[in-house]
**Student:** 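Before we start, here is the structure in question, set down as structure tokens.
Each chain gets a letter, A, B and so on, in the order the sequences are listed, and its residues count up from 1. Basis for what follows: all heavy atoms, side chains included, without hydrogens, waters or symmetry-related copies.
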Amino acid sequence: MLDIRVRFAPSPTGAPHVGNIRTALFDYLWARHTGGKFILRIEDTDQAREVENGLELILESLRYLGLQWDEGPDVGGAYGPYRQSERLPLYAEHAQQLIAKGAAYYCYCTPERLEQMREAQHARGESTRYDYRCRYLSPEERAAHERAGDPKVVRLAVPREGKTTLRDFIHGDLTIANENVDDQVLLKSDSFPTYHLAVVVDDHLMKISHVMRGDDWVPSFPKHVLVYQAFGWEIPLHGHVPMVTGADKKKLGKRHGSTSVTQFRDDGYLPEAMLNFLVRLGWSYDDKTELFTREQLIEYFTLDKIEHAPAIFDYGKLDWLNGYYIRQLSDDDLAARMLPFFERARLKADRATLRALAPLLKERIKKLTEAVAWSDFLFVDDVEYDPRSLIGKGMDAASALAALRAAQHVLEKYPAFDDEQKIEAELRAASDQLGLKPAPFFGTLRVAVTGKTVSPPLAGSLGLLGREKTLRRIARAVMVLESKQSGDRVTG
RNA sequence: GCCGCAUUCGUCUAGUGGACCAGGACGCCGCCCUCUCAAGGCGGAGACCAGGGGUUCGAAUCCCCUAUGCGGCACCA
């Protein structure tokens, strides 16, 4: 039985994208499912595109989702280093071997020349590709370039005939005619490898058993297969996972909304919801199950259930899932997870209050960020609102005033608001006595106390707000209505 | 332009020749519950399985063609 070793190999060019991280999830699940190893390798071979905190963003994203890696740049492992920029000699050496085997050659073409070449090809309506100029250089010409010290790259010598096939465990056999494959650069003039050399060398050296990557890599598989064959290496199992797209079916990008994993974290999405959502983009277990715990995913995940076609990232369904997982949280847990969002909003929310608030918000919020807007009235001195909203539908200023005074009477009797059920019952009775339906009665009280027309259940909210603030706010609302009434009389 | 991949309700998907006049979930609509908002319960609309040819007693499922969409065509990954 072969040792399962799968790797996630991002390049540190920015915050990891949900599409990429979905692939990482598949990698992780496959490793855990099989008892294999999940390896993190950093493909930092493009110095120009690298971002300073790129590595940190990758690690953060993986940690947020709990995709723990077994080998990687920070934890090491038997096949390191795990940063390609630290493996340069390896690539140079292997490029050398390919040249010796006649599978690759030095190319002295300048970027300017290549640019002109492509322009000309484009003008002629041809597909752009290297024109083989340096592939067939005479020994003399080659020596001249060497003597002149011209910068050079190493290019793969792709056969001009035949075709190359890759057995893909998601798509089946993929085949591309060699005549359509470019003589790709393998080693750049700055002595860094390109992706095409580095992946093959590293996947082989790191004994990777399964290569999973996005569908957008399909067109370049022949280059990799050819390199494997030139070395005489066994080709790992490959699977090209379908793309994750926006609603317009185009590759997910900034214009589609949030796309980076860390952004979702900051927007208040739970890792368990993200995990569940991401895995269902391109993978399913059966015809009924939508909800999966991490443990279940590890148990159920198999490669044969991966979808072939691209999937649209449905933000609405993610919200539903997130709401579902929030409802499953214990009050303590929810409180702990909400805390940072209140801190970020500069509200002095203490753990105990949040813990008591949790059951009230649990079934009302879809994201942790929403907790703040629902409950900020608890953590400020006073609330602002449009006085007109004190008067509900079917009410007038007089009835609203009566409702508030009745509430005042009821609430003043209680030294503490701890018996919510009893308070609610009494408020209801008071409302009844005034001949008001509960809706307008509680509505007026709600605005007076929370400043909102929508809030968590009132009795619970009053309990959390406390007697002093509650009564103060009601008294203020009474004054507002009184002055409004007298004002009405004066002007009317 | 060339090459490649894909195509089941709006969306994510189940489906691998008969159990499918196509099942589940999100969303949507209605009802119930209800102090607001949710959550929850119940019910409903929604896919001639991209189109056209075959193969077969029988096709969403196999083959061919077409269409459409997407992806790739760098000394980027």
Side-chain angles (χ1 to χ4, degrees), chain A residues 9-13 20 43-46 48-49 107 109-111 114-115 118 121-122 124-130 151-155 168 171 174-177 179-182 184-190 192-196 198-199 213-221 240 242-243 245 247-251 277 280-291 305 307-321 323-324 327 360-366 374 392 424 427-428 431 437-447 450 452-459:
Chain A
S11 60
T13 51
N20 292 128
E43 312 227 322
D44 55 347
T45 56
D46 185 351
R49 291 205 315 152
C107 169
C109 294
T110 64
L114 294 174
E115 174 88 15
R118 277 188 215 105
Q121 288 169 336
H122 195 77
R124 273 178 265 132
E126 295 170 7
S127 53
T128 57
R129 54 145 77 203
Y130 184 58
K152 60 189 174 185
V153 301
V154 174
R155 278 185 191 276
D168 182 295
H171 294 282
L174 298 172
T175 301
I176 292 181
E179 59 183 330
N180 293 315
V181 181
D182 202 3
Q184 186 62 232
V185 170
L186 297 178
L187 202 65
K188 302 183 247 183
S189 56
D190 63 0
F192 273 68
T194 59
Y195 172 85
H196 308 284
V199 250
R213 59 171 37 147
D215 257 352
D216 45 352
W217 283 110
V218 168
S220 54
F221 79 79
H240 290 89
M243 303 269 83
T245 75
D248 56 2
K249 297 188 190 269
K250 293 202 167 78
K251 237 171 135 175
F277 176 72
R280 287 286 290 100
L281 241 41
W283 179 86
S284 62
Y285 175 60
D286 60 14
D287 62 337
K288 297 234 155 44
T289 322
E290 289 288 338
L291 274 6
K305 305 289 276 183
E307 177 66 37
H308 303 64
I312 295 173
F313 192 99
D314 183 349
Y315 290 86
K317 189 159 185 177
L318 204 213
D319 282 353
W320 167 73
L321 263 172
Y324 169 81
R327 272 170 256 136
L360 301 185
L361 293 187
K362 205 175 265 190
E363 53 202 29
R364 278 168 250 272
I365 59 173
K366 285 190 153 59
W374 272 89
E424 181 179 337
L427 287 174
R428 242 170 234 286
S431 160
K437 293 226 179 260
F441 180 88
F442 282 102
T444 297
L445 192 52
R446 183 189 321 284
V447 172
T450 69
K452 306 172 195 299
T453 52
V454 173
S455 83
L458 253 191

**Student:** Does C109(A) reach a base, just sugar-phosphate, or nothing at all? Heavy atoms under 4.0 Å.
**Tutor:**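 Base, at least one base heavy atom under 4.0 Å.
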**Student:** Round to the nearest Å and state the distance from L321(A) atom CG to C26(B) atom P.
**Tutor:**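 Going from L321(A) (CG) to C26(B) (P), I get 9 Å.
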**Student:** What is the distance, rounded to the nearest whole Å, between atom CG of D216(A) and atom P of A6(B)?
**Tutor:**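 Atom CG in D216(A) sits about 14 Å away from atom P in A6(B).
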**Student:** What nucleotide among G69(B), C37(B), A77(B) has an atom nearest to a side-chain atom of E43(A)?
**Tutor:**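 Minimum distance to the E43(A) side chain belongs to A77(B).
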**Student:** Provide, to the nearest angstrom, the distance between the NE2 atom belonging to H122(A) and the P atom belonging to A74(B).
**Tutor:**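 Taking atom P of A74(B) as the reference, NE2 of H122(A) is at 11 Å.
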**Student:** Nearest to the side chain of I176(A), heavy atoms from C-beta on, is which of A74(B), C3(B), C35(B)?
**Tutor:**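 Closest nucleotide among those given: C3(B).
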**Student:** Who is the Watson-Crick or G-U wobble partner of G27(B), with both distances under 3.5 Å?
**Tutor:**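 Partner of G27(B): none.
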**Student:** Please work out if L458(A) contacts a base, only the sugar-phosphate, or nothing of the nucleic acid, heavy-atom cut-off 4.0 Å.
**Tutor:**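 The answer is base, as L458(A) lies within the cut-off (heavy atoms under 4.0 Å) of a base atom.
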**Student:** Within the side chain of D46(A), is there an N or O that forms a donor-acceptor pair under 3.5 Å with the backbone of A48(A)?
**Tutor:**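 It does hold such a pair.
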**Student:** State whether the distance check finds a donor on one side and an acceptor on the other, under 3.5 Å, for side chain S189(A) versus base C75(B).
**Tutor:**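 When only heavy-atom distances are counted, S189(A) does reach the base of C75(B) through a donor-acceptor pair under 3.5 Å.
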**Student:** Does any nucleotide pair with A6(B) by Watson-Crick or G-U wobble geometry, both distances under 3.5 Å, and what is it?
**Tutor:**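 A6(B) is paired with U68(B).
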**Student:** Looking only at side-chain N and O atoms, does R446(A) come under 4.0 Å of OP1 or OP2 in C37(B)?
**Tutor:**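 So the side chain of R446(A) is outside the cut-off, no N or O lying under 4.0 Å from OP1 or OP2 of C37(B).
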**Student:** Answer with base, sugar-phosphate or nothing: what part of the nucleic acid does G316(A) contact at a heavy-atom distance below 4.0 Å?
**Tutor:**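 Contact class for G316(A): sugar-phosphate only.
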**Student:** For C75(B), does either OP1 or OP2 sit under 4.0 Å from a side-chain N or O belonging to R155(A)?
**Tutor:**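 Yes, because at least one side-chain N or O of R155(A) sits under 4.0 Å from OP1 or OP2 of C75(B).
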**Student:** When you measure from the side chain of W320(A), which nucleotide among G71(B), A25(B), A6(B) comes out closest?
**Tutor:**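 The listed nucleotide nearest to W320(A)'s side chain is A25(B).
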**Student:** Give the rounded distance in Å between these two atoms: CZ of R49(A) and P of C75(B).
**Tutor:**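 Taking atom P of C75(B) as the reference, CZ of R49(A) is at 14 Å.
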**Student:** Any base atoms under 4.0 Å from K452(A), or only sugar-phosphate, or nothing? Heavy atoms, all strands.
**Tutor:**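 Answer is nothing: K452(A) stays at 4.0 Å or more from every strand.
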**Student:** Do any side-chain nitrogens or oxygens of K317(A) fall under 4.0 Å of OP1 or OP2 in U13(B)?
**Tutor:**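 Result: no.
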**Student:** Looking at G23(B), U7(B), G72(B), which one has an atom nearest to any side-chain atom of H308(A)?
**Tutor:**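 Of the candidates, U7(B) comes closest.
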**Student:** Measure the acute angle between the ring planes of F221(A) and H240(A), then classify it against the limits of 30° and 60° as parallel, tilted or perpendicular.
**Tutor:**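 Because their plane-to-plane angle lies in the 30° to 60° range, the rings of F221(A) and H240(A) count as tilted.
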**Student:** With both distances kept under 3.5 Å, what pairs with C73(B), Watson-Crick or G-U wobble?
**Tutor:**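 Pairing partner: G1(B).
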**Student:** With a 4.0 Å cut-off on heavy atoms, is T45(A) in touch with a base, just the backbone sugar-phosphate, or nothing at all?
**Tutor:**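 T45(A): backbone/sugar contact only, no base atoms under 4.0 Å.
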**Student:** By nearest atom, which of the nucleotides G24(B), G71(B), C73(B) is closest to the K288(A) side chain?
**Tutor:**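 Nearest nucleotide to the side chain: G24(B).
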**Student:** For D215(A) and C5(B), what is the distance between atoms CG and P respectively, to the nearest whole Å?
**Tutor:**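 It works out to 10 Å between those atoms.
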**Student:** Are any of T13(A)'s side-chain N or O atoms less than 4.0 Å away from OP1 or OP2 of C76(B)?
**Tutor:**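 False: T13(A) side-chain N/O out of range (4.0 Å or more) of C76(B) OP1/OP2.
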**Student:** What is the separation between atom CZ on R118(A) and atom C1' on C2(B), rounded to the nearest whole Å?
**Tutor:**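 These atoms are roughly 16 Å apart.
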**Student:** Between T128(A) and C2(B), does any side-chain N or O lie under 4.0 Å from OP1 or OP2?
**Tutor:**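 So the side-chain polar atoms of T128(A) never come under 4.0 Å of the phosphate oxygens OP1 or OP2 of C2(B).
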**Student:** Where the side chain of I312(A) is defined as all heavy atoms beyond and including C-beta, which of C12(B), C37(B), A39(B) is the nearest nucleotide?
**Tutor:**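 When the side chain of I312(A) is considered, C12(B) is the closest of C12(B), C37(B), A39(B).
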**Student:** Let's see if you can work this out: which of C76(B), C5(B), A39(B) has an atom nearest to the side-chain heavy atoms of E363(A)?
**Tutor:**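 Among C76(B), C5(B), A39(B), the one nearest the side chain of E363(A) is A39(B).
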**Student:** What nucleic acid atoms does E126(A) come within less than 4.0 Å of, heavy atoms only: base, sugar-phosphate, or nothing?
**Tutor:**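 The residue E126(A) makes no contact with any strand.
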**Student:** Quick one: label T175(A) by what it contacts on the DNA or RNA (base, sugar-phosphate, nothing), any heavy atom closer than 4.0 Å.
**Tutor:**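 Sugar-phosphate, backbone atoms only, no base.
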**Student:** If you check every side-chain atom of R280(A), which of U13(B), C2(B), C35(B) has the closest atom?
**Tutor:**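 Side chain of R280(A) sits closest to U13(B).
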**Student:** Which part of the nucleic acid, if any, lies within contact of K362(A), taking any heavy atom under 4.0 Å across all strands shown: a base, the sugar-phosphate backbone alone, or nothing?
**Tutor:**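 Nothing, no heavy atom under 4.0 Å.
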**Student:** Give one of base, sugar-phosphate or nothing for P310(A), where a contact means two heavy atoms less than 4.0 Å apart.
**Tutor:**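 Sugar-phosphate contact only - P310(A) comes under 4.0 Å of backbone atoms but never of a base.
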**Student:** Touch check for K366(A), heavy atoms < 4.0 angstrom, all strands: base, sugar-phosphate only, or nothing?
**Tutor:**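 Sugar-phosphate: the residue K366(A), judged by heavy atoms under 4.0 Å, touches backbone atoms but no base.
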**Student:** Once you apply a heavy-atom cut-off of 4.0 Å, does V218(A) come out as touching a base, just sugar-phosphate, or nothing?
**Tutor:**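 Here V218(A) touches the backbone only, sparing every base.
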**Student:** Could you tell me the separation between the CG atom of L360(A) and the P atom of U36(B), rounded to a whole number of Å?
**Tutor:**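 Interatomic distance, CG of L360(A) to P of U36(B): 16 Å.
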**Student:** Rounded off to whole Å, could you give me the CZ-to-P distance for the R364(A) and U36(B) pair?
**Tutor:**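 Interatomic distance, CZ of R364(A) to P of U36(B): 11 Å.
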**Student:** When you get a sec, tell me which of C76(B), C35(B), C75(B) is the closest nucleotide to the side chain of L114(A)?
**Tutor:**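 That would be C75(B).
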**Student:** Partner of C57(B) by Watson-Crick or G-U wobble geometry, both contacts under 3.5 Å, or none?
**Tutor:**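 WC or wobble partner is G18(B).
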**Student:** If you count every heavy atom of other residues, nucleotides or ligands that lies below 6.0 Å from K437(A) atom NZ, does the total exceed 12?
**Tutor:**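 It does not: K437(A) NZ has 12 such atoms or fewer within range.
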**Student:** Would you say the base of G24(B) and the side-chain of E290(A) have a donor-acceptor pair closer than 3.5 Å?
**Tutor:**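 Indeed, a donor on one side and an acceptor on the other fall under 3.5 Å apart.
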**Student:** Have a look at L174(A) and say if it touches a base, only the backbone sugar-phosphate, or nothing, with a 4.0 Å heavy-atom cut-off.
**Tutor:**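 Sugar-phosphate only.
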**Student:** OP1 or OP2 of C70(B) sitting under 4.0 Å from any side-chain N/O of K250(A)?
**Tutor:**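 Looking at the OP1 and OP2 atoms of C70(B), one of them is under 4.0 Å from a side-chain N or O of K250(A).
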**Student:** Suppose we define a pair by two distances each less than 3.5 Å, Watson-Crick or G-U wobble; what does C48(B) pair with here?
**Tutor:**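 By the stated definition (distances under 3.5 Å), nothing pairs with C48(B).
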**Student:** From the set C26(B), C75(B), C12(B), return the single nucleotide nearest to any side-chain atom of T194(A).
**Tutor:**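 Out of C26(B), C75(B), C12(B), the nucleotide with an atom closest to T194(A)'s side chain is C75(B).
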**Student:** Using a 4.0 Å heavy-atom cut-off, does K152(A) contact any base of the nucleic acid, only the sugar-phosphate backbone, or nothing at all?
**Tutor:**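 Touches nothing.
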**Student:** Do the side chain of T194(A) and the main chain of V185(A) share a donor and acceptor less than 3.5 angstrom apart?
**Tutor:**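 Yes, T194(A) side chain to V185(A) backbone: donor-acceptor pair under 3.5 Å.
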**Student:** What nucleic acid atoms does P193(A) come within less than 4.0 Å of, heavy atoms only: base, sugar-phosphate, or nothing?
**Tutor:**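 P193(A): backbone/sugar contact only, no base atoms under 4.0 Å.
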**Student:** Return no unless some side-chain N or O of K188(A) is found under 4.0 Å from OP1 or OP2 of A77(B).
**Tutor:**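 Affirmative; the distance criterion is met.
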